Amino acid sequence: MSPLLEIAGIGKSFGAFRALSDISLAVEEGETLGLIGPNGAGKTTLFNVVTGFLRPDSGAVRFAGAPVDRLPPEKRAALGLVRTFQKAMVFPALSLRENLAMAARQRAGHGLRWLGARTCHAEADAKVERLLAESGLPRGGGERMADLSYGEQRIADLLMALALEPRLLLLDEPTAGLSQAEAERLLRIVRRHDSRTALVLIAHDIDIVFGHCDRIAVMHLGRLLRTGTPQAVRADAAVRAAYLGSLAD
Amino acid sequence: MRRALLSRAAPMAAALLALALPAALAGPFHLRFLAEILLLGTAVMSLDLLVGSGGLVSLGHAALFGTAAYAAAVAALHLGGNLLLVLGAGTGAALLLAALMGVAIMRSSHLFLLILTLLLGQIAWEVAFHWRAVTGGADGLRGLPPLSLGPWRLDGPRALFLLAGGLALAAHALARSFVAAPIGRALVGAREQPLRMSALGYSTARIRLRAMLAAGGIAGAAGSLYPFLNLYVGPQSVHWSLSATMIIMLVIGGVGSLWGAFLGSAVYLALQTYVSAYTDRWQLFVGVIFVLIVLLLPHGLAGAAARWRRG
C-alpha cells in the first residue's frame, strides 16, 4: 500500500535564499511524525508547500496515491489534507460555536448553501456539540472567540481542524505557548478523535515530540537531516550537532 | 416564546404600517418620492450584503442597478410593460453583469477591488452613453409604456409605491436569509480570515461570486422598476457617482444592518429634494451629516436605533 502522503524532491527558493532543497518524505496512515529543527529550518515552508499555500520550484506532492500539485489549498483541504497555523487562526469576532460550525458545514458540503439553511445549521450544531463535549473545554460555545484564553483558542483552532475529519493533520507548533498540561491535553484530543488520522507535528518542545511521535524527521537549513524512530534520532551525531545538542540527554 | 414571536412580528407589523399609512394618506408626489426611496434603498441594501458581510466595497453597484433599469426599459419599449417581463429582463441583465463582475473581483480586495468595480462600472456607463441606437445615449429612453400585470395597469403613484414596497419587503427577507444561511456566514469568514477559510476548504473566490450574484440580483430587481417611476431612464443611473451615493446612503443608514439602507436612502433623498429647493449647495448638508454620522454614530442610524431600543 502506498503511503498517505508522499513528498518527492521538493525545492523552494525565495530569491537567493534556498528555503527547501530536495526534501523527500512519506507519512503512513495513522502515523504520528514529528518535524523538528532550529528556527528557519524550513518546517513551516514545507507545510505551506504540502497544503498548497506555496508553490514549490521543484518536486511533487502525492496525497492518498494521487498528485495534488495543481490543487489550490481549499481543494487539498477537501481531500482531507488539513493544517493549522503557527498562531491560533480563528475568527475572533464570532462565537466559539460559530467558529467550529464554519468548519463542520464545509465538511458536510453545506458551506456555500443558501437554501435549506435550517437543516445545515442543525447538522453542524450537533457536530459542534459533540466536538465541544469531547474536548472537555469548560465553555458553552456562545462566548466570543476573542474572549477565550490563548490556550483555549489553540484548542478551538485544533477542533476546527478536527471538524473537517482530516486524513492527515499538519499541526504547526500547536503546543507553543501552552503549559505542559495544556499541551498534553491538546494532543490527547487529537488522538482520541480518530486513531487513523495521520499526524505531522512541528514542535520545539522535545519532550512532546519524543513522547508522542512514532517517527521523527529533523530539518536543518532547508534540508532533511535524518528521519527515524525517536531512539535512532536521539542517538544520531549529526542531529545532536545541528539541533538537539545536550537537550537529547 | 411569546416574546420571541412578538420581537419577530413587531418589525413586520411596523413595516406593513409604514407602507399602509402613506398608501392611504400621501399624495402623488410623496408616493413617487417614497417609491424612489424604497427602490434605491433596496439597491443600497444589496450593497450592504457585499460591504457589511463581505467587506467588499464596490464602486460599481450603480452599474448593476442601472443596467437592469436599461434592460427593463428596452424590454418594455419593444414588448410592452408586463411587470414579470420587465422584472425578468432587468434582473437577468443585472445577474449577467454581476457574474462578470464576480469573476473579475474573485481574487482582489481593498483598493484593487474598488478600482476594478469602478472601471467595470464605467464600462457599463460608456456603453449606456454611447450606444445611442439602443440606449438613447445622453438623452436616455423616454416614452416607456406603463407597467401592467394581466388586466391591471400599475401606473398610478399608489400602485408604484405599493409595488416598490412589496419588492423592498421581499428583497429584505431574501437578504436576511442570505446573511443567516451558510453562504452568508462564509462571506463573513472570508472577510475576517481568508487564509483560514482556504485551510478549511472554502473557496473565497466562489463565496465572493455568489455574494456578487445575490447582491446583483436584488439590485437588478430594484433597478428594473426604477424607470417606471418617471417613465424615463438616463445614463446617470449607471454612473459611478450613483455608486458613491449608494455607499454614502449605506454609511448614513448603518453598514451591516440591512434595513438601515432604507433609512440612509430616505435621509439622502430627503436632503436632495427638500434642501435643494432652498440652495444649490445641498450636498454640503449631506457632507456635514455624513461626517457627523461617521464620527458620532459609526454604526449609522440603524445602529443608533438598535442601541436605543436595547436601552
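The structure displayed is predicted, hence computed values, not measured ones. By convention in this document, chain letters (A, B, ...) are assigned in the order of the sequence lines, proteins followed by strands, and residues within each chain are numbered from 1.
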Is it true that, when you exclude [X] itself, more than 12 heavy atoms of the residues, nucleotides or ligands shown sit nearer than 6.0 Å to its [atom1]?
X	atom1	result
A:Tyr150	OH	yes
A:Arg191	CZ	yes
B:Arg107	CZ	no
A:Arg113	CZ	yes

Legend entry - B:Met197 side chain near A:Glu74 side chain, heavy-atom distance below 4.5 Å: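 They are not in contact (no side-chain heavy atoms under 4.5 Å apart), so the answer is no.
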Minimum heavy-atom distance [X]-[Y], with the two atoms named:
X	Y	value
B:Ala199	A:Ala77	O-CB, 3.4 Å
A:Leu112	B:Ile207	CD2-CG1, 3.4 Å
B:Leu200	A:Gln106	O-CG, 3.2 Å
A:Ala161	B:Arg196	N-NH2, 4.1 Å
B:Gly189	A:Phe91	O-CE2, 3.5 Å
B:Ser177	A:Trp114	OG-NE1, 2.8 Å

Give, as side chain, backbone, both or neither, the part of [X] having an atom under 4.5 angstrom from any heavy atom of chain A.
X	answer
B:Arg210	side chain
B:Leu187	neither
B:Leu209	neither

In terms of heavy-atom pairs under 4.5 Å with chain B, which of [options] leads?
options	value
A:Asp157, A:Val82, A:Leu94	A:Asp157
A:Glu98, A:Arg107, A:Lys75	A:Glu98
A:His121, A:Arg118, A:Arg105	A:His121
A:Arg83, A:His110, A:Met160	A:Met160
A:Ala124, A:Pro92, A:Ala117, A:Gly111	A:Gly111

Legend entry - Atom pair CE/CD of A:Met89 and B:Glu192 - distance to nearest 0.5 Å: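 With rounding to 0.5 Å, CE (A:Met89) is 12.5 Å from CD (B:Glu192).
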Legend entry - Part of A:Leu81 lying under 4.5 Å from any heavy atom of chain B: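 No part of A:Leu81 comes within 4.5 Å of chain B.
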Legend entry - Region of A:Asn99 in contact with chain B, defined by heavy-atom distances below 4.5 Å: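 Neither; nothing under 4.5 Å.
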Inset, instruction - Among the options B:Ala214, B:Gly184, B:Gly201, B:Ala186, pick out the one with the most heavy-atom pairs lying under 4.5 Å from chain A. - result: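 Heavy-atom pair counts peak at B:Gly201.
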Inset, instruction - Would you check if the side chain of B:Tyr202 reaches a backbone N or O of A:Ala103 as a donor-acceptor pair within less than 3.5 Å? - result: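 No; zero donor-acceptor contacts below 3.5 Å.
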